[in-house]
Amino acid sequence: MKLNPGELPNTDGTIMQLTTEELRSLLAEKNQEIEKLKNQPASLEDSWESTYEIISSLEKYKPEEVLFYAAEILSKEMGSKNVAIYTVANREYARLYSSTSLEARRLGNSIKYIAMGELYSELKAGRIYVNERNDPDRPALAHAVYAEEDIRVILMFWDISKDTHGVSPVKRLTVIDTLLQKTILRASRYMSSFRRKNYLEGTNVLNEGTFRVLLKAFLEAKEKGLTECAVVEFEMGYRDYKNISIQVACKIRLTDYMGVLNGGKFYILLANTDIKSAEIVQERFRNLGFKTVLKDLQYKDI
């Protein structure tokens, strides 16, 4: 069928006559579609390049800071407001290290990850867990960072955007994990050996320089909404920090830190602890005969 300018075929074989304005409109729409298709690969390439640059920026942080700001970066790159990072304490439990919201902390400060059913099965198999059943007690996505055959860090995303720059969340997380893995593992290993390398001789108490660095990292992350923590100062009286540490060690968690500041004063940093929970811990110390005070410290003051 030979068509004249301004004519298009209908589906029934008849000819549709278009005005000049209608033709221009159709051509404009077609050009827009073509440009969109042309720009998709470039946009995706730019997206991955931006992701690489942002994740590489983690290298500028100290090892004790990395797991805080990894949560912030993962939130941005995955389009998730609610991200939590757990570090594995042993072969059964993992403890919350950082998070971007109260919602992200809904499972609590300690989880028995081997008892989490399908989520654990997927992580153990080296796969990304996807909450296909929309179980409200499970994150939308979860992924484990391994060291050899052991899970060391668990990443949880409680909300996700369906796609970012045309890439599915699972594919995007796979790429991001590849970029992040070495940095996260290095930070995790550092924190695992952090204590024993910096204890005051014969104690489980961090020396002043090390405790100050750690405290500053936690307080700055707290100010940015990436963790909760509380600092308890002890009234020492005639006791020294060695004596106190022996008595209170059984009343704190493995994720809490004992240390000295200001010429030997004894403090405990309660990680991932709000004021209400800190007051409960203070009561335990009081039952042991210790007077303590919660210190309202700012990282700039440390």
Side-chain angles (χ1 to χ4, degrees), residues 43-88 94-107 109 111 123 127-131 139-147 151-192 194 213-214 216-229 255 271-272 299:
S43 176
L44 185 56
E45 186 176 339
D46 290 344
S47 170
W48 287 128
E49 186 175 340
S50 172
T51 296
Y52 177 78
E53 289 175 356
I54 290 171
I55 290 176
S56 295
S57 71
L58 268 180
E59 297 290 341
K60 72 182 181 183
Y61 293 107
K62 297 174 183 176
E64 64 272 12
E65 298 174 323
V66 165
L67 292 177
F68 291 131
Y69 298 103
E72 189 175 53
I73 285 174
L74 284 166
S75 175
K76 180 176 180 180
E77 292 303 306
M78 288 296 294
S80 174
K81 294 180 180 179
N82 308 298
V83 178
I85 296 180
Y86 285 82
T87 55
V88 170
R95 301 186 187 280
L96 184 65
Y97 194 94
S98 63
S99 57
T100 58
S101 69
L102 184 62
E103 173 68 12
R105 297 191 286 272
R106 63 187 300 176
L107 292 182
N109 291 331
I111 58 171
L123 299 188
R127 295 189 291 264
I128 293 174
Y129 165 78
V130 181
N131 188 353
L141 287 180
H143 189 45
V145 178
Y146 275 77
I151 295 175
R152 294 296 295 267
V153 177
I154 299 174
L155 313 174
M156 294 188 180
F157 305 85
W158 288 87
D159 64 305
I160 50 170
S161 57
K162 291 188 177 178
D163 69 15
T164 305
H165 296 288
V167 181
S168 73
V170 171
K171 182 176 180 181
R172 192 164 186 84
L173 181 55
T174 301
V175 175
I176 288 171
D177 170 65
T178 301
L179 296 174
L180 269 178
Q181 190 172 40
K182 286 185 180 179
T183 304
I184 285 181
L185 276 181
R186 186 161 56 246
S188 174
R189 285 168 172 157
Y190 174 85
M191 293 308 297
S192 295
F194 181 84
V213 168
L214 185 69
K216 187 170 184 176
F218 268 83
L219 292 175
E220 186 169 5
K222 177 183 178 181
E223 186 172 300
K224 294 180 178 180
L226 299 173
T227 192
E228 292 184 296
C229 64
T255 49
N272 282 297
Y299 79 92

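Note that the structure is a prediction, hence the values are computed from the model and not measured.
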Using side-chain contact (heavy atoms from CB on, under 4.5 Å), reason through Leu155 and Val83 one step at a time and then give a plain yes or no. CA-CA 7 Å; Leu155 313 174; Val83 178; 5.9 Å; no
Apply side-chain contact (heavy atoms from CB on, under 4.5 Å) to residues Met191 and Leu214 and explain how you reach the verdict. CA-CA 10 Å; Met191 293 308 297; Leu214 185 69; 3.9 Å; yes
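When each of Val145, Ile184, Thr87, Leu185 is checked for a side chain to side chain contact (heavy atoms under 4.5 Å, CB included) with Arg152, only Leu185 meets the rule.
For Arg106 and Glu103, the salt-bridge test passes: some basic side-chain N is under 4.0 Å from an acidic carboxylate O.
Not a single side-chain hydrogen bond (donor to acceptor under 3.5 Å, both in side chains) links Arg189 to another residue, sequence neighbours left out. Under the ring-ring contact (aromatic ring centres under 6.0 Å, His included) criterion, Tyr129 pairs with no residue, sequence neighbours left out. Every residue was checked against the side-chain hydrogen bond (donor to acceptor under 3.5 Å, both in side chains) condition with Thr100, not counting sequence neighbours, and none meets it. Annotation: ring-ring contact (aromatic ring centres under 6.0 Å, His included) contacts of Tyr299 (sequence neighbours excluded): none. Remark: Thr183 engages Glu59 in a side-chain hydrogen bond (donor to acceptor under 3.5 Å, both in side chains) (not counting sequence neighbours). Looking at residues two or more places apart in sequence or on another chain, you find a side chain to side chain contact (heavy atoms under 4.5 Å, CB included) between Ala144 and Leu123, Tyr146, Ile151. In this structure, the salt bridge (Lys or Arg N to Asp or Glu O under 4.0 Å) partners of Lys224, at least two apart in sequence or on a different chain, are Glu220. In this structure Glu72 satisfies the salt bridge (Lys or Arg N to Asp or Glu O under 4.0 Å) test with no other residue, sequence neighbours excluded. In terms of the side chain to side chain contact (heavy atoms under 4.5 Å, CB included) criterion, residue partners of Val213 (sequence neighbours excluded) are, by chain and number, Glu64. With sequence neighbours left out, the side chain to side chain contact (heavy atoms under 4.5 Å, CB included) criterion links Asp159 to Ser80, Lys81, Asn82. Residues passing the salt bridge (Lys or Arg N to Asp or Glu O under 4.0 Å) test with Arg95, sequence neighbours excluded: none. Residues that satisfy the side-chain hydrogen bond (donor to acceptor under 3.5 Å, both in side chains) test with Glu223, not counting sequence neighbours, are absent from this structure.
Put simply, the side chain of Ser98 gets close to the backbone of Leu67: a donor and an acceptor are under 3.5 Å apart. Checked by atom type and distance alone, the side chain of Thr174 pairs as donor or acceptor with a backbone atom of Val170 at under 3.5 Å. Not one N or O on the side chain of Gln181 forms a donor-acceptor pair closer than 3.5 Å with the backbone of Thr178.
Atoms OH and CG, on Tyr86 and Asn109 in that order, are 7.0 Å from each other to the nearest 0.5 Å.
Across all their heavy atoms, Ala271 and Phe218 have their closest contact at CB-CE2, 3.7 Å. Of all non-hydrogen atoms in Ala187 and Pro63, the two that sit nearest each other are CB-O, 3.7 Å.
Checking Asn272 against Thr227 by side-chain atom types alone, a donor-acceptor pair falls below 3.5 Å.
Within the 4.5 Å cutoff, the side chain of Glu228 has no heavy atoms near those of the Lys222 side chain. Under the 4.5 Å side-chain criterion, counting only non-hydrogen atoms from C-beta, Met78 is in contact with Leu141. You'll find the side chain of Leu96 reaches within 4.5 Å of the side chain of Arg105, heavy atoms only. Between Leu107 and Met156, the closest side-chain pair of non-hydrogen atoms falls below 4.5 Å. A heavy-atom distance below 4.5 Å is found between the side chains of Phe157 and Leu173. Side-chain atoms of Ile176 and Leu74, non-hydrogen and from C-beta on, do get closer than 4.5 Å to each other. With contacts defined as side-chain heavy-atom distances shorter than 4.5 Å, the pair Ile85/Ile154 does not qualify.
Ring geometry for Tyr61 against Tyr69 counts as parallel: the plane angle stays under 30°, on a 0 to 90° scale with 60° as the upper cut.
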